[in-house]
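Scroll down for the structure; my scribbles are underneath it.
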Amino acid sequence: MADIQHAHVRPASVDEKHDDSSKTSMSPGDESPARLENGSLGEEIGLFLSEEEALARIRAHPDDATPIFVAFSPGDSDNPRNWPKWKKWYITCFASFLNVITCLCAGGYSSASTDISSAFGVSAEVATLGLSMYILGFALGPMLLAPLSEYFGRSPVYIGSWFILFVFQLPLALAPNIGTVIVCRLIQGFGGSAPLSNTGGTVSDLWERNESGNAMMVYGASSTFGPPFALVLSGYIVQELGWHWLFWIFMIITGGLWVIMVLTLPETRHSIILEKKAKRVRKTLAKEGAGSAAAFQNISDAHNKADKRSIHTLFAINLTRPIRFLLTEPITMGAAAYNGFIYGIVYLFNEAFPLVFGPGGHNFSTGQWGLAFLGLCIGTLLAAACHPLQERYYLKRVAANNGKGVPEARMYQARFGAFLLPISLFWFAWTSYPSVPWIVPIIASAFFGAGIYIVILGVLNYVVDSYQTYSASALAGVILVRNLVGAGFPLFAAQMYGKLGNEWASTLLAFLSILFAPIPIWWFYRGERLRLKSPWAREHFGQDEDSPH
């Protein structure tokens, strides 16, 4: 067994404000996880040992009741960060593809809303509730699924919630009234929110922070490519087959993905894997009859340290801490407001594009105005192709900072992307006349799509790097606001464009986007001051952590 290294480590705080249970005291530079952790008064807390070291120690000292915390060993094949690259990329791409599909189910509804309105004899505003309720489910889902993911693992949450998205396609396809549509869409949004609460964590499980740039590029592209791509596909489905078939096809797609998920998607959350390793140690020793009852009771995982939080506590933290972040943290406030505004426009466009390109505008058919969203899609992909330049700059700043993270460097491209939004919106606004060739506003929307990708990915990366251990709470607040705004904007799109006209309605959005443009610039040049003022971000100001979680 490897020699035990002595290390005086600051004990994890478990108070309400600084709950640190997602960290372990494993240092990235350690040769072995084996070491002794001491409390603030010098009392022994326990030994951090690999699975093999734990077995060897109990066999050698069966009556020793020193607590043992099972950790990953160097190169441990159970550690997701040590998995083969093909496997890590498969999981990253699959989880990101789920993001695309859940957005397809969200935005694709807009292609059917006119037919649904006619079928059930309701107003366009009532039919639009089907879109808004799904996005509302997006807002509520992560608040409930995040603690379940922490307690049970990512895989069960993916599988269980995706099944909800799949099975509730059936009552939508057979819906007898608008009430069924609205209620089922809300439930679907809750189920379809699993990628929102899980995918970012999955990427973090698989990749170290300074190696995650390309993985985050894929994840970011899926988040911004998905909503407009939904209309590209759904328009012709509704036009050629009718709105019922839209949900039948969604059911086939989501059902097929659910089967693949069950068969191929492994658990990646480090804490859950370590729990299983600790359980395996206890089971092996029990079979051998080695160790005392006291020794058995003192074997746990390095994440929970024999003190796993209850599901009630997890819900209390996940339901209250994001609100605290939104009310007290300027970084979270800015990120939430900016993300909310951008996603509000994205889903507002679901209602605005038919006005610009459909009857009364360029007179496109349902399928044709759906194809108009290709501009947004292409813009997103072009921006993603430029992301390696952003990553190169970030890694250059990290190297100059002795290998420590530099959150402000995440905003390098976002400073310019922020100005793409108002420029493209002004361009789109004043080329919306039917007399202007339809390709001109679509090109404008491509620049808007590029701006969305650059800004959102930069902002989310900045939040994660700034708060680290607490980033899940900060992001939950951002996602909550983002989707609440996204749910509300489509409800007044038709009235706004009807009252102001296509040109001035989009111009209003352009002027509003100018107000947000200083945020990335401020964070790039003055972000350190903001982080120093935050008790949550200040705790990780050294940017030298990237612990398993």
Side-chain angles (χ1 to χ4, degrees), residues 98-117 120 122 124-145 161-175 177-199 222-235 237-238 243-244 246-251 253-254 257 339-340 343-351 353-354 370 373 479-494:
L98 295 179
N99 231 358
V100 174
I101 297 303
T102 192
C103 291
L104 174 65
C105 294
Y109 174 89
S110 294
S111 298
S113 62
T114 301
D115 290 351
I116 289 174
S117 173
F120 298 123
V122 296
E125 289 77 14
V126 173
T128 301
L129 280 173
L131 172 63
S132 294
M133 288 298 101
Y134 193 103
I135 308 305
L136 181 61
F138 266 6
L140 300 177
M143 303 292 286
L144 301 175
L145 295 178
S161 57
W162 198 261
F163 183 78
I164 293 173
L165 176 63
F166 155 65
V167 78
F168 273 88
Q169 303 289 354
L170 180 62
L172 280 169
L174 302 174
N177 52 56
I178 192 65
T180 301
V181 172
I182 292 171
V183 172
C184 289
R185 289 285 291 177
L186 176 64
I187 297 171
Q188 272 197 325
F190 172 84
S193 69
L196 300 183
S197 60
N198 260 8
T199 306
S222 72
S223 299
T224 52
F225 177 84
F229 183 66
L231 282 299
V232 174
L233 290 182
S234 60
I237 293 174
V238 172
W243 68 270
H244 294 281
L246 180 68
F247 299 114
W248 287 121
I249 290 173
F250 285 172
M251 188 172 188
I253 295 171
T254 54
L257 285 172
N339 271 261
Y343 270 82
I345 295 179
V346 168
Y347 286 109
L348 180 145
F349 273 1
N350 284 16
E351 305 303 315
F353 265 47
F373 281 88
I479 290 172
L480 175 65
V481 171
R482 182 180 84 183
N483 290 312
L484 286 176
V485 175
F489 267 42
L491 297 177
F492 61 77

Quick check: closest heavy atoms across [X] and [Y], and the distance to 0.1 Å?
X	Y	value
G137	P142	O-CD, 4.4 Å
S113	A127	O-CB, 3.6 Å
F166	T254	CA-OG1, 3.5 Å
R185	Y109	NH2-CB, 3.2 Å
S111	L231	OG-CD1, 3.3 Å
S223	N99	OG-ND2, 3.0 Å

Side chains of [X] and [Y]: closer than 4.5 Å at any heavy-atom pair?
X	Y	answer
L129	L491	yes
F190	L145	yes
I187	I164	yes
Y347	I135	yes
L172	C184	yes
I116	I178	yes
P227	F373	no
L484	Y343	no

Kindly determine whether L165 and F250 satisfy side-chain contact (heavy atoms from CB on, under 4.5 Å), including the steps that lead there.
CA-CA 9 Å; L165 176 63; F250 285 172; over 6 Å; no
By the side chain to side chain donor-acceptor pair (under 3.5 Å) test, which pairs, at least two apart or in different chains, include something from residues 128-145?
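Output for this query lists T102-Y134.
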Restricting to pairs with a member in residues 481-491, which pass side chain to side chain donor-acceptor pair (under 3.5 Å), not counting sequence neighbours?
none
One pair to check against side-chain contact (heavy atoms from CB on, under 4.5 Å): T224 and F229. What are the steps and the verdict?
CA-CA 9 Å; T224 52; F229 183 66; over 6 Å; no
Could you state the interatomic distance from [atom1] ([X]) to [atom2] ([Y]), rounded to the nearest 0.5 Å?
X	Y	atom1	atom2	value
M133	Q188	CE	CD	13.5 Å
L233	I253	CG	CD1	7.5 Å
I237	I249	CD1	CD1	4.0 Å

Over 60° means perpendicular and under 30° means parallel, so classify the ring planes of W243 and F120, tilted if in between.
perpendicular
